[in-house]
Every structure is written in structure tokens, then in C-alpha cells.
Amino acid sequence: MDITPQQLINIMPNARAQAGVFISALNTAMSRYGIDTPKRIAAFLAQVGHESGQLRYVRELGSEQYLSKYDTGTLAVRLGNSPQADGDGQKYRGRGLIQITGHDNYLRCSQGLFGDERLLALPELLEQPQWATESAAWFWEQNGLNELADRDQFNTITRRINGGLNGLEDRLQLWARARAVLCQPST
């Protein structure tokens with residue numbers, strides 16, 4: 001099931017011109033990763049819409065000070081970044097429509113998308129519409145989120161993406177719009 005640019009704008013009104021930039025990549029990636037029913041697409045677009053500021057951001061915002069949490073300390077180690085203050089936090093900051101963050105996640109994503117380690121050398125690839133979208137759909141599939149979407153387990157999906165319920169109200173509003181646009185009244 002492909003979505004149209006107008007449907008995407010109706011779901012994410014702040015996307016504006018970005019809807020046209022991402023529509024083809026979204027349809028391709030969703031098809032490839034089985035995000036192919038109204039329920040799955042609605043949940044995916046709601047989460048992607050929140051994580052990317054309605055397709056406006058494919059790179060995590062934050063100052064060097066903010067991103068330093070990814071460079072040293074327990075979070076850095078958990079993400080597979082080196083424990084030294086060597087810039088891993090900046091290099092492997094969140095990228096893509098669902099923010100892939102940290103060395104180990106970039107490595108897994110790279111192996112999943114390309115069968116090699118190219119994202120470790122070229123993390124900026126996840127800022128390109130095709131790979132920003134592919135990485136989000138890959139993450140979705142890897143984390144079993146289609147099955148959760150089938151069961152309307154939206155809060156669980158949010159926790160798997162975000163680690164908590166940050167931005168839940170915005171995510172729920174996007175989900176409600178997506179369901180209104182894509183789902184039949186009986187769903």
C-alpha cells in the first residue's frame with residue numbers, strides 16, 4: 001500500500017515540501033520491510049513524524065556539550081562508543097528518521113542495510129532521504145514493531161524507539177491523524 005504526498009501532508013502538516021522529498025523513499029522502505037497495512041503505516045509514520053520533527057530533521061539536534069553524553073560515561077559505553085573523549089558522541093549522534101545512535105547501532109544498521117561497515121566511516125549517509133528512511137524501516141523491522149502495530153501497542157512501540165514515553169502526546173496526535181487518513185472506520 002503506497003501513500004500519496006497529500007496523505008503524508010495531512011498526517012504531517014509541518015513537513016510541507018519535505019513530504020515530496022521523502023514520499024518515494026518512504027513507500028519503497030515501507031514495502032521492503034513489511035510496513036504495508038494501514039495500521040502498520042499509521043504507527044510507523046506517527047513515530048517517524050515525531051522523531052524527525054515531521055521530516056524536518058534527520059540529524060539529532062544538540063550542542064557539543066549535549067552530545068558529550070554519547071562520548072564518555074556509561075551511556076557512551078552502552079552505545080558501543082569508545083570511553084575516551086574522542087568525538088564518538090558527535091560522529092555517532094542520532095541520524096535517520098528514527099535516530100540510529102551510537103557506534104554499535106551504526107554497525108548493526110550498516111550490516112543490515114549494506115552488508116558491510118560503511119556507516120562507521122560515513123555516518124552522514126543516514127542524513128540522505130533514502131538512507132534516513134531505510135534505516136528507520138530497518139530499525140522498525142529489527143525491533144518487531146509491525147507486530148506491535150498490528151495489536152495497537154503504541155506505547156510499547158514508543159518505548160522501544162525512545163527508551164521511554166518522551167513526546168508521547170505529539171506521537172499520539174500524529175498517530176490519530178495517520179489513522180484518520182489511512183484506516184477504515186472499522187479499524
Side-chain angles (χ1 to χ4, degrees), residues 12 14-19 21-22 25-26 29 33 43-145 148 153-175:
M12 299 181 208
N14 294 332
R16 297 182 189 93
Q18 288 300 94
V21 170
F22 279 93
L26 280 165
Y33 289 95
F44 180 74
L45 291 178
Q47 295 290 346
V48 160
H50 175 78
E51 290 289 315
S52 67
Q54 297 189 26
L55 307 179
R56 292 175 295 167
Y57 307 107
V58 291
R59 186 173 74 144
E60 184 174 13
L61 303 175
S63 66
E64 244 179 85
Q65 181 181 355
Y66 171 79
L67 293 169
S68 69
K69 69 182 180 181
Y70 300 141
D71 208 28
T72 59
T74 54
L75 178 58
V77 171
R78 200 168 73 231
L79 291 170
N81 294 345
S82 65
Q84 298 81 24
D86 59 3
D88 278 3
Q90 283 279 353
K91 185 172 184 178
Y92 301 121
R93 73 194 311 163
R95 287 189 177 87
L97 293 181
I98 292 179
Q99 306 278 296
I100 303 295
T101 307
H103 176 278
D104 289 355
N105 291 322
Y106 273 80
L107 176 59
R108 279 192 287 279
C109 183
S110 191
Q111 290 169 335
L113 295 182
F114 304 110
D116 60 31
E117 298 181 4
R118 79 183 66 180
L119 287 178
L120 296 181
L122 299 166
E124 300 83 9
L125 284 175
L126 294 186
E127 296 178 34
Q128 296 174 4
Q130 177 185 359
W131 302 118
T133 305
E134 287 281 336
S135 65
W138 169 85
F139 177 92
W140 188 268
E141 189 267 338
Q142 289 294 300
N143 285 278
L145 303 182
L148 295 174
Q153 298 290 311
F154 195 76
N155 286 359
T156 304
I157 293 170
T158 300
R159 284 187 185 96
R160 291 220 182 139
I161 291 171
N162 183 263
L165 294 176
N166 297 330
L168 183 61
E169 189 56 40
D170 181 57
R171 294 172 200 267
L172 288 171
Q173 289 172 4
L174 286 160
W175 191 39

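Residue numbers run from 1 in the order of the sequence given.
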Item to complete: For residues G53 and R56, report the shortest heavy-atom separation together with the two atoms involved.
Response: O-NE, 2.6 Å
Fill in: Nearest-0.5 Å distance that lies between atom CD in E134 and atom CG in L26
10.0 Å
Worksheet item: Please, which pairs that meet salt bridge (Lys or Arg N to Asp or Glu O under 4.0 Å) have at least one residue in residues 102-123, sequence neighbours excluded?
Response: D116-R118
Discussion item. Would T101 and L79 count as a side chain to side chain contact (heavy atoms under 4.5 Å, CB included) here? Give the steps.
Written reply: CA-CA 7 Å; T101 307; L79 291 170; 4.0 Å; yes
Worksheet item: Say you draw a straight line from CG of L148 to CH2 of W140; how long is it, rounded to the nearest 0.5 Å?
Response: 8.0 Å
Worksheet entry | Polar side-chain atom of N81 near backbone of Y70 as donor-acceptor pair, under 3.5 Å | yes
Worksheet entry | Gap between atom CD of Q153 and atom CG of L145 - 0.5 Å precision | 11.5 Å
Worksheet item: Taking all atoms of both residues into account, what is the closest heavy-atom pair of A136 and V48, and its distance?
Response: CB-CG2, 4.3 Å
Discussion item. Within this structure, what is the CD1-CZ distance for the pair I157 and R171, rounded to the nearest 0.5 Å?
Written reply: 10.5 Å
Worksheet item: Pairs in or reaching into residues 57-68: which pass salt bridge (Lys or Arg N to Asp or Glu O under 4.0 Å), with residues at least two apart or in two chains?
Response: none
Fill in: Side chain proximity check, H50 to L168, heavy atoms < 4.5 angstrom
no
Item to complete: Mark yes or no for whether S110, through its side chain, and L107, through its backbone, hold a donor-acceptor pair below 3.5 Å.
Response: no
Fill in: Working for side chain to side chain contact (heavy atoms under 4.5 Å, CB included), residues L45 and L174
CA-CA 8 Å; L45 291 178; L174 286 160; over 6 Å; no
Worksheet item: Can you check whether F139's main-chain N or O pairs, donor with acceptor, with N143's side chain at less than 3.5 Å?
Response: yes
Worksheet item: Which heavy atom of N14 sits nearest a heavy atom of Q54, and at what distance?
Response: N-OE1, 2.7 Å
Worksheet item: H103 vs Y92 aromatic rings, parallel, tilted or perpendicular, using cut-offs 30° and 60°?
Response: perpendicular
Discussion item. To the closest 0.5 Å, what do you measure between CG (L126) and CD (Q128)?
Written reply: 9.0 Å
Discussion item. Determine whether a donor-acceptor pair (N or O, by modelled atom type, separation under 3.5 Å) exists between the side chain of E141 and the backbone of Y33.
Written reply: no
Discussion item. Any side-chain to backbone donor/acceptor pair from D71 onto G87? Under 3.5 Å, distance only.
Written reply: yes
Worksheet item: CD1 of I98 to OG1 of T133: how many Å apart, nearest 0.5 Å?
Response: 10.0 Å
Worksheet item: Considering the options Y106, F114, F22, W138, which one meets the ring pair (Phe, Tyr, Trp, His ring centres under 6.0 Å) requirement together with W131?
Response: F114
Discussion item. Testing the basics here: between G96 and S135, what is the closest heavy-atom pair and its distance to 0.1 Å?
Written reply: CA-OG, 3.9 Å
Discussion item. Strictly by salt bridge (Lys or Arg N to Asp or Glu O under 4.0 Å), give each pair with a member in residues 75-99 just once, sequence neighbours left out.
Written reply: R95-E127
